[in-house]
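Below is one structure, written out as structure tokens; comments come after it.
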Amino acid sequence: MDRRTFISTGVAAGAAAVTATSSSVLGAEEKQPAPGKFKLGYAPSLGVFKEHAGTDPIEQIKFMADQGFTAIFDNGLMRKPPELQKKIAAELAKHEMQMGPFVLYADFGTESMVTGKKEDRDMLVNRVKEGVEVAKRTNCKWALMVPGRYNQRTDWGYQTANVVDTMKACAEACEGSEMVIVLEPLNKLNHPGLFLTKMPQAYQICNAVDHPACKIVDDVYHQQITEGDLIRNIDKAYDQIAAFHLGDNPGRREPGTGEINFKNIFKHLYKKGYKGVLCMEHGRSKKGKEGEKALIEAYREADSFEV
Ligand SMILES: O=C(O)C(=O)CO
């Protein structure tokens with residue numbers, strides 16, 4: 001199937017989904033997505049549609065927009081040359097697409113935020129300042145941080161207090177910009193030894209930091225492994241959640257390949273009025289062009305909830 005045929009299939013599927021949900025029963029005009037667009041901001045990663053769109057990130061963004069996506073994400077944005085960062089931002093602006101969090105700091109091998117040491121805090125604050133420059137260049141509002149490893153010899157309460165103090169300094173370093181740091185709890189199966197694993201824990205830290213630039217990215221793949229109860233945790237932590245990551249479990253692939261009921265989660269978020277990004281941070285169940293097509297179809301299916 002060539003790019004055009006594939007595109008028209010994608011948009012047709014989206015249009016069908018829209019028709020099915022845009023009856024007068026809906027009432028509120030603003031609830032209806034643009035024809036062909038997904039209802040929520042599912043964000044493919046740059047590089048995920050190489051088979052259809054090639055290796056040029058700009059062509060990839062055009063392809064994603066054609067398919068009805070309204071957001072992208074790029075974990076590696078910070079490592080890209082500034083000129084390319086600007087080109088990506090300009091292309092996204094043309095399509096009115098959002099950009100999900102880029103990775104600002106995720107060192108899984110180091111005790112960084114838990115130590116309370118000035119040199120660790122200074123290193124992280126400097127990293128945040130670099131991130132602010134990337135955010136300004138790209139209009140990307142969110143930057144992801146992982147608080148690193150925990151220390152086996154220090155009481156948990158002291159480590160939590162140190163993370164809170166460090167995050168206060170990091171959040172203050174965002175002031176004067178629009179950048180928001182999102183802290184990501186990760187599961188201990190894939191990432192043993194990390195400090196931040198749970199939604200209630202992330203919530204407690206964000207509440208203690210009490211700064212608009214310190215929020216949570218809720219990765220439902222990680223949280224399904226760590227604690228489950230996904231919708232209740234979304235509701236309880238909602239005022240501190242600024243972004244989502246997606247991936248089914250087990251396998252960390254597209255919706256429909258595991259045990260998570262994405263259609264219900266998406267419907268729930270839609271009803272809450274969630275307008276942010278949901279980064280598709282997962283692999284695919286099939287390879288090649290067929291795999292890319294299956295990926296889009298999986299999102300069309302999960303997005304086909306009634307509103
Ligand atoms: O490394 C991981 O598993 C992540 O989810 C980072 O976002």
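Whatever order the structure lists ligands and atoms in, that order sets their numbers, starting from 1. None of these values were measured; they are calculated from a predicted model.
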- Salt-bridge test for Asp122 and Lys118: reply yes if a basic N is under 4.0 Å from a carboxylate O, no otherwise.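 Yes, charged N to carboxylate O under 4.0 Å.
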- For ligand 1, the residues whose heavy atoms come within less than 4.0 Å (ordered by chain, then number): Phe108, Glu184, Leu186, His191, Asp219, His222, His245, Arg252, Glu281
- Classify the ring geometry between Phe266 and Phe262 as parallel (under 30°), tilted (30 to 60°) or perpendicular (over 60°).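 If you compare the ring of Phe266 with that of Phe262, the planes turn out tilted.
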- Phe69 vs Tyr299 aromatic rings, parallel, tilted or perpendicular, using cut-offs 30° and 60°? perpendicular
- Item | Ring-ring centroid check Trp156 Tyr150, cutoff 6.0 Å |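 Yes, the ring centres sit under 6.0 Å apart.
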- Task: Determine whether the aromatic ring centres of His282 and His245 lie less than 6.0 Å apart.
- Result: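 No - the distance between ring centres of His282 and His245 does not fall below the 6.0 Å cut-off.
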- Task: Please say whether the positively charged group of Arg300, taken as NZ for Lys or CZ for Arg, lies over the ring of Phe38, i.e. under 6.0 angstrom from the six-membered ring centre and within 45 degrees of the axis.
- Result: yes
